[in-house]
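Reviewing the structure listed below.
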Amino acid sequence: DQQVKQNSPSLSVQEGRISILNCDYTNSMFDYFLWYKKYPAEGPTFLISISSIKDKNEDGRFTVFLNKSAKHLSLHIVPSQPGDSAVYFCAASGGWDDKIIFGKGTRLHILP
Amino acid sequence: KAGVTQTPRYLIKTRGQQVTLSCSPISGHRSVSWYQQTPGQGLQFLFEYFSETQRNKGNFPGRFSGRQFSNSRSEMNVSTLELGDSALYLCASSPRDREETQYFGPGTRLLVL
């Protein structure tokens, strides 16, 4: 069973507009959430994180929103830039075994 | 600081063989985690080592094993390779706890024929 789900395998957004990447989780014990970005032939790089005691965390163009009641988080990128084209992984930790569980990723294409 | 390095970057093996992958974490980082990435399954946690001890383990068969040395370098071993083991194997390091930001290496791409 997938504890962290990214239901959109891919997303295309016009340059300059807002990109919204979504992530759902099933384990209510998760209390820390992270977003990673991955370019081809490179390892993932950390983008932004949020603890369950918050509902929003902002870092420049990146904002992560957490809705604990819905077990849903989203990453907003505004404005979207060509260099944002990559695969984005959502991850969560804090389950009974404290492992970090990753989603399958969403490929974001920024269109010129 | 140098980033996380992984060797080799690419590897081709045949079924039944065994393979050892190496990871050197960022200097000063004591936690090393290993992940398997496949197109259909995303990133799946293999195991994590901290101060030479395996602290956590994912749901992989016993053919997958690892170890960590006193200098925090880590190795991952896969015995009796199967075709389904073809994947990108990623190593990530963090200073102490996995909940801190993890820094990933470029990965080792393993192809099993």
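For the numbers below, each heavy atom of this structure counts, side chains included, while hydrogens, waters and symmetry mates do not. Proteins come first, then strands; the chains are lettered A, B, ... in the order of their sequence lines, and each starts at number 1.
- Rounded to the nearest 0.5 Å, atoms CD (B/Gln102) and OG (A/Ser93) are 9.0 Å apart.
- Both B/Leu81 and B/Phe47 are assigned to one and the same hydrophobic cluster, defined by single-linkage of ILVMFWY side chains at heavy-atom distances under 4.5 Å.
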TODO: Step by step, work out the side-chain contact (heavy atoms from CB on, under 4.5 Å) result for A/Lys38 and B/Leu88.
DONE: CA-CA 13 Å; A/Lys38 186 180 185 301; B/Leu88 179 68; 3.9 Å; yes

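- Between B/Phe104 and A/Phe46, the distance separating the two ring centers is not shorter than 6.0 angstrom.
- Cluster annotation: B/Leu90 and B/Tyr10 are assigned to distinct hydrophobic clusters (Ile/Leu/Val/Met/Phe/Trp/Tyr, side-chain heavy-atom contacts under 4.5 Å, transitive).
- Clustering ILVMFWY residues whenever any of their side-chain heavy atoms sit less than 4.5 angstrom apart, transitively, puts A/Leu75 in a cluster other than the one holding A/Val78.
- Environment of NZ in B/Lys13: crowded, with over 12 heavy atoms of neighbouring residues, nucleotides or ligands closer than 6.0 Å.
- At a 4.5 Å heavy-atom cutoff, B/Arg109 makes no contact with chain A through either its backbone or its side chain.
- Taking the side chain as every heavy atom from C-beta outward, A/Pro44 and B/Leu43 approach each other to under 4.5 Å.
- Looking at B/Gln44, there are no atoms closer than 4.5 Å to chain A (heavy atoms on both sides), in backbone or side chain.
- In this structure, B/Tyr35 has its ring center closer than 6.0 angstrom to the ring center of A/Phe102.
- Side-chain contact check for A/Val87 versus B/Gln37: every heavy-atom pair is 4.5 Å or farther apart.
- Taking hydrophobic clusters as Ile, Leu, Val, Met, Phe, Trp and Tyr residues chained together by side-chain heavy-atom distances below 4.5 Å, A/Phe62 shares a cluster with A/Ile110.
- Using a 4.5 Å cut-off between side-chain heavy atoms of Ile, Leu, Val, Met, Phe, Trp and Tyr, with links allowed through other members, B/Trp34 and A/Ile100 fall into different hydrophobic clusters.
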